[in-house]
Amino acid sequence: MKLPTLKEISALPPDGRSLTVKGWVRTKRETKAAVFLEVNDGSRLGNLQCVFDEAAAAAAASELARAGTGASVAVEGSLVASPAAGQSVELRASSLRVIGEASPESYPLQKKAHSMEFLREIAHLRPRTNTFGAVARVRNRMAFAIHEFFQARGFQYVHTPLITASDCEGAGAMFQVTTLDLERLGKSGRSPDYGKDFFGKPAFLTVSGQLNVETYCEALGRVYTFGPTFRAENSNTSRHLSEFWMIEPEVAFAELADNMELAEDFLKHLVKTALADCAEDLGFFDQRVEKGLVESLEKVLARKFAHMTYTEAVAELEKAPAPFEVKPYWGLDLQSEHEKYLCEKIAGGPLFLTDYPKEIKSFYMKRNADGKTVRAMDLLVPRFGEIVGGSEREDRLEVLRELMAEKKMDESSYGWYLDLRRFGTTPHAGFGLGFERLVMYVTGMANIRDVIPFPRAPKLADF
Ligand code: 4AD
Ligand code: MG
């Protein structure tokens, strides 16, 4: 492509070369001697300052009048050293063409700072702000880094289905997929005949690709899936989405300790990549969104993550000086206030919790010898708690069948899953990293609805 991006331009020497840049006007400032147009094309956070001296401004007067905030423009000029702080080059502009105007009376993104709530209502325009542009670039870099990490370690990328008949997490929080005429069915008062439904049985959007990816794990050894997942839980929080992306590696012949090591290496690789390759955007988040972000991410790289069993964690919580909203006890599914307390006050950083009570975890986790706990691991981080959930899988056919019976699952729908234990079973382990939680973690953004382009949550499916 001939048109250089602002990112490419920022690396060029100020050698007076002629350039055309295209982008959107962020601000226009006029002084007696010159007109300054700050133009951004989305390739980086920093704008390119385009300076029209008196003569150039006079020649471009009618176009300059139309080049308000939000307008798309083409500016021609020469690249020179910039005397202004924070930028090495600027464009000495010779001509301007407005491609598309943005009326200052109706364009919603004016120069002032807007609230996140307001920006959510204009999710189609918010990528044009500094914050959402930066989030989008970090999100992109992280998605690529995920593949880099696994591909460099011999993992195969497996595409698991989005439509499924099995419930991996067993929480019943699934969106049903049907082509039955619900309106007619409702009027008739009859119950649905799923034999006549599209798939000939009830089908749902997946909550996790794990069960499917396990089949490839038990053939290819090291695999991962990375795709959208869906949860119909009625959680209206800053950490939950109804549609989110998840990365799920699965490793044959691996146990819980290997799984934790992989999760730690993985998260550190992602943090390191963000610090190295998204420095400008992270600097912005550090200044404007979460003070001290960069330093805290650097600290994450510097030390080993802490480990604790669930039972030890509950003992710590029971000793905590300040009361929690929900009183901790052994058997409780820990709330985010507990998770935050444990990593912020006890561990002082990321913390693995292991060996949870079997009642609060899914059916597929390997049962410990105590008969009460399973070989689960959650990775908790400061600010919002759980970022990774995983486990060693139950690889013994009979124990798995018992666990399924305890959870009142219909074994006949999981024959294929049990076959993995019937034919050449192996210890294996894996985890799920919530992609949006990762993006929150490295950007410091406080609400998960602001790290995905178009958030879906209860009563929210706009755009
Ligand atoms: O802990 P979860 O439910 O684990 C699983 O789905 C396993 N099948 C993963 C595996 O072992 N392969 O979800 C994993 C992660 C959580 O730690 C969290 O980061 C994220 O997915 N997550 C959500 N992110 C956003 N919105 C939601 N509603 C989420 N639910 C889970
Ligand atoms: Mg979990």
Side-chain angles (χ1 to χ4, degrees), residues 142 146 150 155 158 160 164 166-175 205-217 222-251 254 256 258-260 262-263 266-267 270 310 333-336 338-339 343 350-354 356-357 360-366 374-381 383-394 417 428-442 445 447-452 455-458 460:
M142 292 295 92
I146 283 158
F150 288 118
F155 284 68
V158 175
T160 49
T164 177
S166 38
D167 181 1
C168 176
E169 293 310 302
M174 300 182 87
F175 290 101
L205 293 179
T206 189
V207 296
S208 158
Q210 179 199 322
L211 302 186
N212 295 94
V213 94
E214 274 187 56
T215 65
Y216 274 71
C217 169
R222 296 180 190 181
V223 295
Y224 67 106
T225 177
F226 178 14
T229 51
F230 307 87
R231 304 225 174 156
E233 36 188 22
N234 204 3
S235 302
N236 237 319
T237 80
S238 57
R239 306 178 313 281
H240 290 91
L241 289 168
S242 312
E243 175 180 303
F244 64 98
W245 287 63
M246 185 155 55
I247 303 97
E248 297 181 273
E250 193 74 30
V251 183
L256 193 66
D258 308 307
N259 205 26
M260 286 191 283
L262 181 68
F266 182 42
L267 189 64
L270 296 173
Y310 171 91
D333 196 2
L334 301 183
Q335 311 287 304
S336 111
H338 306 127
E339 297 178 336
C343 43
L351 167 67
F352 281 111
L353 283 197
T354 62
Y356 282 73
I360 57 172
K361 289 291 183 189
S362 302
F363 75 97
Y364 52 72
M365 296 191 182
K366 183 160 184 156
V374 287
R375 301 196 67 64
M377 60 157 215
D378 276 10
L379 178 59
L380 315 179
V381 293
R383 288 201 287 114
F384 56 85
E386 179 182 344
I387 190 166
V388 165
S391 70
E392 189 174 334
R393 318 306 188 189
E394 184 52 77
Y417 188 70
H428 61 289
F431 61 82
L433 168 71
F435 187 49
E436 284 71 25
R437 299 221 180 147
L438 168 77
V439 180
M440 287 173 80
Y441 188 59
V442 295
M445 293 292 286
N447 194 313
I448 198 162
R449 298 177 187 198
D450 299 328
V451 296
I452 187 165
R456 269 78 180 100
L460 180 70

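All of these numbers come straight from a predicted model, not from anything done at the bench. One-based numbering, in listed order, for ligands and for the atoms of each.
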Problem - Within-cut-off N or O pair, C168 and ligand 1, under 3.5 Å - result: no
Exercise for the section: Heavy-atom distances under 4.0 Å are what count here, so tell me which part of H240 touches ligand 1: side chain, backbone, both or neither. Expected result: both
Exercise for the section: Could you list which atoms of ligand 1 come closer than 4.0 Å to a heavy atom of G389? Expected result: 1 (O), 9 (C), 10 (C), 11 (O), 17 (O)
Handout entry: Atoms of ligand 1, numbered as shown, that sit under 4.0 Å from any heavy atom of G390
Key = 11 (O)
Handout entry: Mode of M440 contact toward ligand 1 - side chain, backbone, both, neither (heavy atoms, under 4.0 Å)
Key = neither
Problem - Reference residue Y364; test side-chain hydrogen bond (donor to acceptor under 3.5 Å, both in side chains); the match among Q210, E392, R393 - result: Q210
Practice task
Taking N447 for its side chain and D450 for its backbone only, find out whether a donor-acceptor pair lies under 3.5 Å.
Solution key: no
Fill in the blank from the handout: the protein heavy atom lying closest to atom 9 (C) of ligand 1 turns out to be E248 OE2, 3.3 Å
Fill in the blank from the handout: In this structure, atom 14 (C) of ligand 1 is nearest to the protein heavy atom M246 SD, 3.4 Å
Practice task
Run the numbers for me: atoms of ligand 1, each under 4.0 Å from some heavy atom of R239, listed by number.
Solution key: 25 (C), 26 (N)
Fill in the blank from the handout: Logged contact type for E250 with ligand 1, heavy-atom cut-off 4.0 Å, is neither
Practice task
Under 4.0 Å, heavy atoms only, figure out whether ligand 1 is touched by the backbone of E436, its side chain, both or neither.
Solution key: neither
Practice task
Could you grab the distance from atom CE of M377 to atom CZ of F431, nearest 0.5 Å is fine?
Solution key: 5.5 Å
Handout entry: Side chain, backbone, both or neither: the part of F244 lying under 4.0 Å from ligand 1 by heavy atom
Key = side chain
Problem - the Mg ion (ligand 2) to nearest N/O/S of D378 below 2.8 Å - result: no
Problem - Flag for T225-T160: side-chain donor and acceptor within less than 3.5 Å - result: yes
Exercise for the section: Report the nearest protein non-hydrogen atom to atom 16 (C) of ligand 1: residue, atom name, distance rounded to 0.1 Å. Expected result: E386 OE2, 3.2 Å
Fill in the blank from the handout: Atom name of the N, O or S atom of E386 nearest to the Mg ion (ligand 2) is OE2
Exercise for the section: Would you confirm whether H240, through its side chain, and T237, through its main-chain N or O, come within 3.5 Å as a donor-acceptor pair? Expected result: no
Fill in the blank from the handout: Near S208 (heavy-atom distance under 4.0 Å), the atoms of ligand 1 are 6 (O), 8 (N)
Handout entry: Within 6.0 angstrom of Y216 OH, more than 12 heavy atoms from elsewhere
Key = no
Exercise for the section: Anything under 30° is parallel, anything over 60° is perpendicular, the rest tilted; go ahead and classify F363 against Y417. Expected result: perpendicular
Practice task
Measure the distance from atom 6 (O) of ligand 1 to every protein heavy atom, then report the residue, atom name and distance (to 0.1 Å) of the closest one.
Solution key: R231 NH2, 2.9 Å
Problem - I448 N/O to ligand 1 N/O under 3.5 Å - result: no
Fill in the blank from the handout: For atom 15 (C) of ligand 1, the closest protein heavy atom turns out to be G432 O, 3.6 Å
Practice task
Examine L241 against ligand 1 and note whether any of their N/O atoms are separated by less than 3.5 Å.
Solution key: yes
Practice task
Mind checking whether S391 contacts ligand 1 via backbone (N, CA, C, O), side chain (CB onward), both or neither, at a 4.0 Å heavy-atom cut-off?
Solution key: neither
Completion exercise
Logged contact type for V388 with ligand 1, heavy-atom cut-off 4.0 Å, is backbone
Handout entry: Candidates D378, L380, L379 - the one meeting side-chain contact (heavy atoms from CB on, under 4.5 Å) with F352
Key = L379
Practice task
May I ask you to identify the nearest protein heavy atom to atom 18 (C) of ligand 1, giving residue, atom name and distance to one decimal place in Å?
Solution key: R437 NH1, 3.6 Å
Practice task
Establish, yes or no, whether a centroid distance under 6.0 Å links the rings of F266 and F150.
Solution key: yes
Handout entry: Carboxylate-amine/guanidinium contact E169 R231, below 4.0 Å
Key = no
Practice task
Pick one of side chain, backbone, both or neither for how Y364 approaches ligand 1, counting any non-hydrogen atom pair under 4.0 Å.
Solution key: side chain
Exercise for the section: Measure the distance from atom 5 (C) of ligand 1 to every protein heavy atom, then report the residue, atom name and distance (to 0.1 Å) of the closest one. Expected result: E169 OE2, 3.3 Å
Practice task
Give the residue, atom name and distance (to 0.1 Å) of the protein heavy atom nearest atom 20 (C) of ligand 1.
Solution key: G434 CA, 3.6 Å
Practice task
Please confirm whether R393 comes under 4.0 Å of ligand 1, counting heavy atoms of the residue only.
Solution key: yes
